[in-house]
Amino acid sequence: MTDHDPARASLRHFIDTHFDEQVRTLARLVQCPSDNPPGDCAPHAELSAGLLEAMRFEVERHPVPAEFAAEHGMRSATNLIVRERFGEGPVVALNAHGDVVPPGEGWSVDPYGGEVRDGWLYGRGAAVSKSDFTTYAFALRALKQLAADGAALGGTVELHLTYDEETGGMTGPGWILSQGLSRPDYVLSAAFSHHVVVAHNGCLHMEVTLRGKSAHAARPDTGHDAIEAAATLLPALYRHRDALAGRPSQTPGITHPTLVVGLIEGGINTNVVADRLSLRIDRRIVPEESSEAVEAELRGVIEEACRALPGITVQTRRILLARPFAPAPGAKELTELMCREASAVMGKPVTPIGVPLYTDARLYSEAGIPTVMYGAGPETLLEANGHRADERVPLDELRKATVVVANTLLQLLTR
């Protein structure tokens, strides 16, 4: 038995007795679309702020200037910050994002319905990561009640609820940090399975534009065909992709770097030699790689493939660079605490892993802040259907994750 057993019991009791309200709150969040693109997310932020204020939180609204938002692919974004100070001690920020990918096709339920079925709540954002708006808010509510009942806590807990994770995070956590709106000592960032995530891939998006010379299809010899040039470039890119499989990552949960050509657009008409073709490349960067070296290598592959093509010029433009998430100094202790608390609640070992996608957590870690990813979710992102049809979160795991977060905050604020 530890000194905190009565406190833990109190936290769990609060979370259990308010769980129906937590589920209703998540359904409301799912029912308000916040698709990104198009990235018009200020209305969802206002809904979220209202729900938090109804829980007696003081909510700071920090709208991102329209011009800066537009530079980063957003129509509107408002960051929400809640600060609950319990006394002298560390500042712990809980970060989740409310923007979601568009629903796409193939759903068996309304993607904005927030429907509960067989113990799962369905809807776009249910797992990634509107669920953790509630995980973090209700864990903090439980902690506030504990303090009101006389527990001696020291420190501050902040909620950082942001809206541009799907487009890189620069108007969300990037803005909060760059503007000095917060400088936490620790960060818990939204996850999508019940593992403790300590590393993830980075991502480079490149746009390649091939330019030639148009000509009538009856006289193709008088032009330079940009589509034909792509027939030389694409095999070179795919040979490079295949070679990346020979560079395994040492991070559990991450295999090796990957490359995908996800978008191609070009041509004028069926009877015209194409004077232009553009394609976009997604290159995932494993934690052991240098982002600068990856970009330089990819540019080299493109230039080498196109060098001998007559009449063709190549323009390469970086669209996005999200660096990998790797542990910051001091993160080991936070990771061990998180794993210990999660294992106790889940009743089985919860160990640190890496994931092959990229998230906002990297921005806090890049700033030197000990950061781990933990939140509501099943065993894997695939079970949650993250970014796919029928996205869902298991309600039992939502409840357990809320308890884990509350217990972890208790530990951090009672040292």
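These numbers come from the heavy atoms of this one structure, side chains and all, not from hydrogens, waters or symmetry mates.
- Using a cutoff of 4.0 Å between basic side-chain nitrogens and carboxylate oxygens, Lys144 and Glu84 are scored as salt-bridged.
- Checked for salt-bridge contact, Glu379 and Lys348 meet the test: a charged N lies under 4.0 Å from a carboxylate O.
- For the salt bridge (charged side-chain N to carboxylate O under 4.0 Å, His left out) condition, no pair includes a residue of residues 164-188, sequence neighbours left out.
- A salt bridge does not link Arg280 with Asp282: none of the charged nitrogens is closer than 4.0 Å to a carboxylate oxygen.
- One finds no salt bridge joining Arg283 and Glu295 here, because no Lys/Arg side-chain nitrogen approaches an Asp/Glu carboxylate oxygen to under 4.0 Å.
- With respect to Arg323 and Glu292, a salt bridge is recorded, a charged nitrogen being found less than 4.0 Å from a carboxylate O.
- Under a 3.5 Å cut-off, the side chain of Ser129 and the backbone N or O of His97 do form a donor-acceptor pair.
- The existence of a salt bridge linking Glu115 and Arg392 is excluded, since no basic side-chain nitrogen approaches an acidic carboxylate oxygen closer than 4.0 Å.
- Judged purely by atom type and a 3.5 angstrom limit, Asn79 uses its side chain to pair as donor or acceptor with the backbone of Thr171.
- A donor-acceptor pair under 3.5 Å is absent between the side-chain atoms of Glu60 and the main chain of Val82, judged by distance alone.
- Panel note: side chain Arg28, backbone Leu47; no donor-acceptor pair is recorded below 3.5 Å.
- Note on Arg211 versus Asp275: no salt bridge recorded, every NZ/NE/NH1/NH2 to OD/OE distance being 4.0 Å or above.
- Side chain of Asp225 to backbone of Ile227: a donor-acceptor contact under 3.5 angstrom is found.
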Item to complete: Show your reasoning for whether side-chain hydrogen bond (donor to acceptor under 3.5 Å, both in side chains) applies to Ser34 and Lys130.
Response: CA-CA 10 Å; Ser34 50; Lys130 293 178 179 180; 3.0 Å; yes

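- Here the side chain of Asn385 pairs a donor or acceptor atom with the backbone of Asp390 at under 3.5 angstrom.
- With hydrogens and angles ignored, the 3.5 Å screen pairs a side-chain donor or acceptor of Gln31 with a backbone N or O of Gly113.
- Proximity of a side-chain donor or acceptor of Trp120 to a complementary backbone N or O of Val116 within less than 3.5 Å is not detected.
- Using a 4.0 Å cut-off between charged nitrogen and carboxylate oxygen, Arg61 and Glu46 count as a salt-bridge pair.
- In this structure, the side chain of His195 does not engage the main chain of Val197 through any donor-acceptor pair within 3.5 Å.
- Put simply, the side chain of Arg56 never gets that close to the backbone of Glu53: no donor and acceptor are under 3.5 Å apart.
- Between the side chains of Ser182 and Glu158, at least one donor-acceptor pair of N or O atoms lies under 3.5 Å.
- In this structure, His205 and Tyr358 have perpendicular ring planes: the angle between them is above 60°, well past the 30° mark.
- Under the ring pair (Phe, Tyr, Trp, His ring centres under 6.0 Å) criterion, His44 pairs with Tyr163, sequence neighbours left out.
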Practice prompt. Please lay out, stage by stage, how Tyr374 and His194 fare under the test side-chain hydrogen bond (donor to acceptor under 3.5 Å, both in side chains).
Written response: CA-CA 7 Å; Tyr374 182 82; His194 63 225; over 6 Å; no

Item to complete: Dump the intermediate steps for side-chain hydrogen bond (donor to acceptor under 3.5 Å, both in side chains) on Thr17 and Arg12, then the final yes or no.
Response: CA-CA 9 Å; Thr17 55; Arg12 180 180 280 275; over 6 Å; no

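- Using a 3.5 Å distance cut-off with no hydrogens or angles, the side chains of Glu341 and Thr408 do not pair a donor with an acceptor.
- No hydrogens or angles considered: a donor-acceptor pair under 3.5 Å links the side chains of Asp40 and Ser76.
- In this view, Phe325 and His200 satisfy the ring pair (Phe, Tyr, Trp, His ring centres under 6.0 Å) rule, not counting sequence neighbours.
- Note on Glu336 versus Lys332: salt bridge recorded, some NZ/NE/NH1/NH2 to OD/OE distance being below 4.0 Å.
- Ion pairing between a basic and an acidic side chain is recognised when a charged N comes within 4.0 Å of a carboxylate O; Glu21 and Arg24 show no such pairing.
- Using cut-offs of 30° and 60° on the angle between ring planes, the pair Phe14 and His18 is parallel.
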